[in-house]
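First up is the structure itself, then whatever we jot down about it.
Here is how names work: the chains are called A, B, and so on, in the same order as the sequence lines, proteins then strands, and each is numbered from 1.
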Protein chains: 2
Amino acid sequence: MATSPSRPERRQEPLSRERIVSAAVELLDTAGEGGLTFRALAKHLATGPGAIYWHITGRSELLGAAINAVMTTTIPGDDTDATPQEAIRALALGVFDAIEAHPWVGTQLARTPSQSPMLRVFERIGRQIQVLRVPAAAQFTAASALMSYILGVAGQNAANTRALQRDTDRTEFLDSVAAAWAELDPDEYAFTRSVAGQLRKHDDREEFLAGIDLILSGITARRGCHAACTPTTRGPDS
Amino acid sequence: MATSPSRPERRQEPLSRERIVSAAVELLDTAGEGGLTFRALAKHLATGPGAIYWHITGRSELLGAAINAVMTTTIPGDDTDATPQEAIRALALGVFDAIEAHPWVGTQLARTPSQSPMLRVFERIGRQIQVLRVPAAAQFTAASALMSYILGVAGQNAANTRALQRDTDRTEFLDSVAAAWAELDPDEYAFTRSVAGQLRKHDDREEFLAGIDLILSGITARRGCHAACTPTTRGPDS
DNA sequence: ACCTGAACACCGTTCAAGT
DNA sequence: ACCTGAACACCGTTCAAGT
């Protein structure tokens with residue numbers, strides 16, 4: 001394959017922010033969070049570690065850029081004729097799937113609180129909350145609750161996947177946790193023991209969606225009375 | 001203060017797992033997650049780094065023990081004559097306060113999924129769910145949703161506190177975020193802009209509790225019909 | 001402007017050697 | 001049994017020097 005001699009010859013692609021970030025994602029996917037090293041990344045790009053610093057400020061910017069790259073490609077576009085509930089579920093599943101494909105994202109997502117990738121999700125959840133006719137004063141709470149729930153599941157999924165890396169199978173892993181739960185002290189862990197069976201046969205995805213539905217129920221149930229109809233009023237403890 | 005000469009003299013307290021862990025908590029509180037170093041910890045305990053390894057396996061066990069120590073002292077005991085909702089709120093606030101006092105806990109909590117400190121919280125939330133007469137098949141989902149929400153807020157709070165460390169004031173920080181939101185593209189971030197004002201005057205604690213109440217509403221509203229009365233059935237997208 | 005790679009100031013962890 | 005601290009194999013980041 002001869003390259004046109006008129007163009008400046010390039011033995012290899014020149015370094016660029018884009019190439020660095022996509023190599024970082026690849027490294028994170030294959031070697032995990034601890035595998036992303038400037039030295040390993042430099043070797044992957046056939047250069048020295050210092051070269052990367054010309055394009056990127058440091059490790060945390062690199063991680064942020066990697067998360068951004070993954071999130072923007074995975075989050076689904078708007079489906080115009082979906083109900084608000086369906087749209088929110090699709091959005092949530094987008095985040096869920098991104099973390100299933102790239103477990104390291106789950107750990108890092110919470111670290112970018114009011115920043116780019118999750119802010120876009122927040123915005124789109126919020127719009128659906130508005131479509132649901134939640135009163136203005138309760139919209140922030142509703143969207144925040146959904147976001148926090150999604151981020152919480154994200155973190156736990158990431159942790160589970162990491163713990164699962166040595167175990168062979170996903171169901172085998174759930175079985176071992178369920179078995180551990182079933183052996184807990186019956187007095188101290190009566191509830192946990194009682195749901196151990198449900199843990200064994202549950203589907204992570206379905207469980208995640210069930211939680212979303214639960215919160216959506218709360219949002220629509222309390223529509224129009226967000227301050228007035230608290231189940232029990234918060235008062236002095238005595 | 002003379003020590004009895006019959007006992008073996010101790011120039012300093014002997015090393016122990018307990019002393020190491022409490023020194024680690026102190027170090028984490030003052031220097032943050034990055035400040036916990038075996039060398040720094042050893043200096044704090046007036047010994048060499050190798051000594052610590054006689055009592056603790058490694059860094060991750062040390063972090064886990066530190067979290068455990070903080071969580072067990074902060075989570076409130078059972079208040080026997082509280083409503084289930086009040087008990088769950090008290091529990092959730094216990095976790096919230098632990099993270100406010102020790103921000104590094106928030107980042108690490110999710111990493112211990114089915115493990116000791118959060119499992120105790122899960123158990124006690126679950127018991128209250130049972131008191132609420134949620135049908136058995138829906139109990140796991142309800143308790144899990146509350147846990148995920150709590151862990152999600154925990155992670156975000158930890159991230160916020162870290163970002164806040166250089167800023168002077170908490171309200172000043174919220175103001176700067178709100179100001180940033182207000183300057184976003186009106187087309188792309190219409191919702192986010194519209195709630196920027198609520199962010200500025202909101203109280204983290206109240207907001208957190210409002211989210212708990214929202215989920216509790218969902219749990220009680222759907223009591224007895226967890227599978228049947230989904231707002232809109234999940235079906236094929238087309 | 002962009003790349004190179006040695007060098008600096010750190011890490012967690014191990015382990016022979018001491019008491 | 002328990003502690004010591006030098007040593008090993010790493011890190012992220014910087015920076016003079018090259019092209």
Side-chain angles (χ1 to χ4, degrees), chain A residues 3 5 7-28 30-67 104 107-108 111-112 162 165-166, chain B residues 3 5 7-28 30-67 104 107-108 111-112 162 165-166:
Chain A
T3 32
R7 281 189 240 155
E9 57 176 308
R10 39 180 174 100
R11 348 184 127 240
Q12 9 186 98
E13 298 266 330
L15 223 46
S16 70
R17 206 188 133 91
E18 203 177 57
R19 269 192 74 219
I20 292 172
V21 170
S22 87
V25 169
E26 205 173 316
L27 209 51
L28 284 161
T30 55
E33 205 160 336
L36 181 63
T37 285
F38 275 83
R39 273 167 249 257
L41 188 58
K43 182 171 281 181
H44 202 87
L45 293 163
T47 178
I52 298 165
Y53 283 87
W54 186 263
H55 303 275
I56 260 132
T57 321
R59 191 174 202 271
S60 77
E61 194 202 320
L62 183 57
L63 254 173
I67 290 174
W104 49 273
T107 329
Q108 298 296 326
R111 306 207 173 188
T112 74
R162 203 167 357 177
Q165 261 164 357
R166 30 191 158 282
Chain B
T3 33
R7 280 188 241 156
E9 59 177 307
R10 38 178 174 101
R11 346 186 129 240
Q12 10 185 97
E13 298 265 332
L15 223 46
S16 69
R17 205 189 134 91
E18 203 177 60
R19 269 191 76 219
I20 292 172
V21 170
S22 87
V25 169
E26 205 173 316
L27 208 52
L28 284 161
T30 56
E33 206 161 335
L36 181 63
T37 284
F38 275 84
R39 273 166 250 258
L41 189 58
K43 182 171 279 179
H44 201 85
L45 293 164
T47 179
I52 299 165
Y53 282 87
W54 185 261
H55 299 90
I56 260 131
T57 322
R59 192 174 200 270
S60 77
E61 194 202 322
L62 183 58
L63 254 173
I67 291 176
W104 49 273
T107 330
Q108 297 296 328
R111 306 206 173 190
T112 74
R162 203 167 356 178
Q165 262 164 356
R166 30 189 159 285

Exercise for review: Write down the distance between CG (A/Leu41) and P (D/dG12), rounded to a whole number of angstrom.
Suggested key: 10 Å
Exercise for review: Figure out the CG/P separation between B/Leu45 and D/dG5, and round it to whole Å.
Suggested key: 14 Å
Check your understanding: Does A/Leu36 offer a backbone N or O that forms a donor-acceptor pair with the side chain of A/Arg59 under 3.5 Å?
Key -> yes
Check your understanding: Is the closest side-chain heavy-atom distance between A/Ile52 and A/Phe38 below 4.5 Å?
Key -> yes
Check your understanding: Within this structure, what is the OH-to-P distance between B/Tyr53 and D/dC2, rounded to whole angstrom?
Key -> 19 Å
Check your understanding: CG of A/Leu27 versus C1' of D/dG12: gap in Å, rounded?
Key -> 15 Å
Exercise for review: Tell me the partner of C/dA6, counting only Watson-Crick (N1-N3 plus N6-O4 or O6-N4) or G-U wobble (N1-O2 and O6-N3) with both under 3.5 Å; none if nothing fits.
Suggested key: D/dT14
Point to revise | Residue-phosphate contact under 4.0 Å: B/Trp54 side-chain N/O, D/dC2 OP1/OP2 | key: yes
Exercise for review: Calculate, to the nearest 0.5 Å, the distance between atoms CD1 and NE2 belonging to A/Ile20 and A/His44 respectively.
Suggested key: 12.0 Å
Practice item. Any strand is fair game: report the nucleotide pairing with D/dA1 by Watson-Crick or G-U wobble, both distances under 3.5 Å, or none. Key: C/dT19
Point to revise | Euclidean distance, atom CG of residue A/Leu62 to atom P of D/dG12 [Å, nearest integer] | key: 10 Å
**Study point:** B/Arg39 CZ - C/dT14 P separation (whole Å)
**Key:** 13 Å
Check your understanding: Rounded to the Å, how far apart are B/Arg59 CZ and C/dC10 C1'?
Key -> 13 Å
**Study point:** Any side-chain heavy-atom pair of A/Glu33 and A/Gln108 under 4.5 Å
**Key:** yes
**Study point:** Among C/dC11, C/dA6, D/dC3, the one nearest A/Pro49 by side-chain distance
**Key:** C/dA6
Review point. Which comes earlier along DNA chain D counting from the 5' end, the contact point of A/Thr57 or that of A/Gly34, where each point is its nearest nucleotide?
Key: A/Gly34
**Study point:** Rounded distance (Å) that lies between atom C1' of D/dC3 and atom CZ of B/Arg19
**Key:** 13 Å
